[in-house]
Amino acid sequence: MERIVVKARRARAVAWVAVRGWWRRRCQAARSDAGMTTSEYAVGTIAAAGFAAVLYKIVTSGAVSGALESVIGKALDAPF
């Protein structure tokens with residue numbers, strides 16, 4: 001019976017060492033990422049410029065412009 005217990009403890013210790021090594025390698029891999037590459041910066045910049053253009057078109061449209069003027073007008077005419 002003692003041999004079984006000893007073997008089980010040894011197996012757990014070996015498994016724990018393997019898991020700890022795997023976890024250490026994962027943490028090191030996550031830390032070694034230095035950031036975005038040039039192509040990722042290019043895609044991000046193009047996406048941001050496209051989003052800015054769409055947002056500009058929406059904000060300068062007639063309906064949104066009128067709504068913003070209405071909100072600002074109501075805020076300025078509010079009694080204190």
Side-chain angles (χ1 to χ4, degrees):
M1 186 68 151
E2 274 186 43
R3 284 186 178 177
I4 294 173
V5 172
V6 170
K7 286 184 180 181
R9 286 182 184 163
R10 191 174 299 147
R12 264 188 288 169
V14 170
W16 178 248
V17 169
V19 168
R20 196 170 43 189
W22 174 84
W23 185 252
R24 187 178 297 124
R25 287 189 303 274
R26 292 290 92 217
C27 290
Q28 287 173 350
R31 276 187 252 128
S32 69
D33 188 17
M36 291 195 301
T37 61
T38 304
S39 60
E40 290 171 328
Y41 276 117
V43 170
T45 302
I46 290 170
F51 181 70
V54 169
L55 189 59
Y56 177 76
K57 282 291 192 181
I58 290 172
V59 170
T60 57
S61 69
V64 174
S65 180
L68 286 174
E69 287 177 12
S70 172
V71 168
I72 292 171
K74 287 178 184 177
L76 292 176
D77 291 336
F80 288 100

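Since we're looking at a predicted model, the values are computed, not measured.
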Check: T45 side chain, Y41 main-chain N or O, donor-acceptor pair, under 3.5 Å: yes
Separation between OG1 of T60 and CG of L55, rounded to the nearest 0.5 Å: 9.5 Å
Qualifying residues under side-chain contact (heavy atoms from CB on, under 4.5 Å), relative to W22, sequence neighbours excluded: R25, R26
Contacts of type side-chain contact (heavy atoms from CB on, under 4.5 Å), residue V64, not counting sequence neighbours: I58, S61, L68
Hydrophobic cluster membership, V54 vs V59, 4.5 Å side-chain cutoff: yes
